[in-house]
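Both counts, for ligands and for their atoms, begin at 1 and track the order of listing. Scope of the values below: all heavy atoms of this structure, side chains included, with no hydrogens, waters or symmetry mates.
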Amino acid sequence: MSRLNHRISQRIAHTKISEGYCLICGQYGSLSWDHVPPKGAIAITRVEQRHITEMMGTNAKKIKGIRSRNGSKFRTICHNCNNNHIGNCDQEVATVFNFLSSKVKTYFECASSPHNFVSENVNATKFARAMIGHILAATSVNECLRAPQETPYFTPLQKFVLGDDKAIQHTHNIYYWFYPYTKHLSAKILSFWNNGNLSVVSLLSFFPIAFMVVEKGTATYPAHARQLKLNDSKLYLDLSSRGFEFAEFPFHGLKGDQMMALSDQMAIVSYPIGQ
Ligand SMILES: [Zn+2]
């Protein structure tokens, strides 16, 4: 009989803090817990968190995730950003995810739909504001120890979450597609190389939507993805099986001339346990 020698996820070194710089507004002060995925958009259950890089390779089964009894959480933003800037838009995310979840389930249970897509009304600006806010929050608390600096990638995203509707119009594009899995994926930033093109990517994926932000002009995205414009009034998910192979993009398993560079602590997976 052999016993697996379990090792705790490195995520443990990135969760303990009480005060620091808010990763959205940059103010120093007491930090609050942000649920990612947000409360209301999913059922809050017991979960484990670990770095996505710990899901890869032969040692993946030997790593124990960090447990939480009430959802995947990140203590990296201030109360004002959490409750007001993101909080005011979270209802839009909750409504869209709940309606689309039940439409997707009905689609696969009935299997009689003449179309291979489902759709739902959306206020795209509110939806994107909350989703980007959660992407900025879902990372290591160690980022909160350093005074904020302007960067061409993150500063427009922060301004957008803080209420500037035009902050990302020249800097970022948003894509989304059907995500059929129970695992929740987040990546604050990573670089993805695909056949000679380098893209900088941020991602938040949980059933039934993968939501990805990319630098404008360097877009790499799955073929069945759609672009989200901030004045869109509807979301469409293509449910055809041709998309499944790339649903976990960019964590779908690299193919051909593809490479990825990321910091372990900035890409996190959480998944329900004990169900
Ligand atoms: Zn803040």
Could you check whether the rings of Phe97 and Phe206 sit parallel, tilted or perpendicular, using 30° and 60° as the cut-offs?
-> parallel
Would you say the ring centroid of [X] lies under 6.0 angstrom from that of [Y]?
X: His14; Y: His51; answer: yes
X: Phe251; Y: Phe249; answer: no
X: Tyr176; Y: Phe211; answer: no

From the list Leu228, Val93, Leu235, side chain to side chain contact (heavy atoms under 4.5 Å, CB included) with Ile209 holds only for Leu235
Could you go through the salt bridge (Lys or Arg N to Asp or Glu O under 4.0 Å) check for Glu120 and Lys234 one step at a time?
-> CA-CA 5 Å; Glu120 183 52 47; Lys234 248 183 189 333; over 6 Å; no
Near the Zn ion (ligand 1), which protein N/O/S atoms fall under 2.8 Å?
-> Cys22 SG, Cys25 SG, Cys78 SG, Cys81 SG
